[in-house]
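Notes for the one structure printed next.
Every chain is numbered from 1, with letters handed out A, B, ... down the list of sequences. Just so it is clear, the structure is predicted and the values come from calculations on it, not from any experiment.
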Number of protein chains: 2
Amino acid sequence: MPEISPDPFAAQLRAAAVKVTRPRLRVLAVLSRATAALTHSELEEQLADSPQGILDRVTLYRVLDSLVECGLAQRTLDARGVYRFLSSSVQARHAAHAHFHCQRCGGITCLEQMEVPVADLPAGYSARQVDIEVRGVCAACAPLSGAA
Amino acid sequence: MPEISPDPFAAQLRAAAVKVTRPRLRVLAVLSRATAALTHSELEEQLADSPQGILDRVTLYRVLDSLVECGLAQRTLDARGVYRFLSSSVQARHAAHAHFHCQRCGGITCLEQMEVPVADLPAGYSARQVDIEVRGVCAACAPLSGAA
DNA sequence: CCGCAAATGCAACCCTGTTGCAAACAGGTT
DNA sequence: AACCTGTTTGCAACAGGGTTGCATTTGCGG
């Protein structure tokens, strides 16, 4: 009987007012150990390798949904259109700023110094996130940029 | 015998050095009539409604691939991770302004009124285009977004 | 200890995008 | 005009990500 277990993940779940369940604890553990955003299948693999064995695909989706909904995780789309999940604590270190995409080398650079404008939206719209993508040619590629 | 047909889309295809085929003409026509980027299934629907009837799903994908490859269309990912296609001529009119991506329906709206900040770049970098993507919930989806 | 809502697990499904292959076609050649 | 060849089309089947329905289990407050 774990009355108030010392588990920090359980505490996070309680603080977020969601039930403390084994699948949620397992997912939270993997997510907060990760250094980058993981796809559903990457999470599934890592969970399967754990001593507790596989976690149902659908359950994993639903656990992720609940974690996103209660703010403990974030969901983003990667360049292939696949969802990636990130624990919010990890995300906090990588906040909202502009990115530069070099059209020549494909590299992505963070533009920490560029200020993010306030979204000016039509009535009824609500913004959750503003992404700025500047496309052009980076310093390394500038000398070569004659050929498109 | 269409030596040089008056069809402007055929001319575009010839200029791009790809064969002039009925499916390509049909897709180009729909794309250049569109005011926003369309998904594959939206295109499929619009084509099915035309007098020429349905166009094969796979053919549509391949036609879009060829149009993207020859530069007559552009492909982007929407907020749901679904490809959207835009004729390049439409894209030209849509250059530097912000877009709103609804996270619920995936729709993309132009935010004409939102000013685009000047890119503040490190030395050596040059910007060609600044994309602003505001993510959130659009007016149509707002009423539904509580019951996530 | 009970009860109930929430969460889990399983099976089946949908949708987007791809691959393989035979038949049809575009467009230059004779 | 008929021919030839590489491209394109259409069909069927597949793959992977993500979702839905439903019966069973479980967290947790009473």
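- Proximity of Thr21(A) to the phosphate of dT8(C): a side-chain N or O atom is located under 4.0 Å from OP1 or OP2.
- Rounding to whole angstrom units, CG of residue Asp65(A) and P of dT8(C) are separated by 11 Å.
- Nucleic acid contact for Thr39(A): none, since no nucleic acid atom lies under 4.0 Å from a heavy atom of the residue.
- Straight-line distance from the CG atom of Leu25(A) to the C1' atom of dT26(D): 13 Å, rounded to whole Å.
- When the P atom of dG17(C) is taken as reference, atom CZ of Arg80(B) falls 9 Å away, rounded to whole Å.
- Of the possible polar contacts, one joining the Glu42(A) side chain to the Thr39(A) backbone as a donor-acceptor pair under 3.5 Å is found.
- The residue among Lys19(A) and Arg57(B) whose nearest nucleotide of DNA chain D is located toward the 5' end is Arg57(B).
- Atom CG in Leu60(A) sits roughly 11 Å away from atom P in dG9(C) (whole-Å rounding).
- Counting only distance, with no hydrogens or angles, the side chain of His40(A) and the backbone of Val82(A) share no donor-acceptor pair below 3.5 Å.
- Nucleic acid contact for Val18(B): none, since no nucleic acid atom lies under 4.0 Å from a heavy atom of the residue.
- Within 4.0 Å of Arg24(B), counting heavy atoms only, lie sugar-phosphate atoms of the nucleic acid but no base atom.
- Among the candidates Val68(A), Leu64(A), Leu86(A), Leu67(A), the single residue satisfying the side chain to side chain contact (heavy atoms under 4.5 Å, CB included) test with Arg75(A) is Val68(A).
- Taking atom CG on Asp56(A) and atom P on dG18(D), their separation rounds to 15 Å, with Å as the unit.
- One interatomic measurement links the two molecules: CD of Glu44(A) to P of dC10(C), which rounds to 12 Å at whole-angstrom precision.
- Between Leu13(B) and Lys19(B), the shortest heavy-atom contact is CD1-O, 4.3 Å.
- Residue Val82(B) is classed as a sugar-phosphate contact, given heavy-atom separations below 4.0 Å to backbone atoms only.
- Here Ser66(B) lies out of heavy-atom contact (under 4.0 Å) with every strand.
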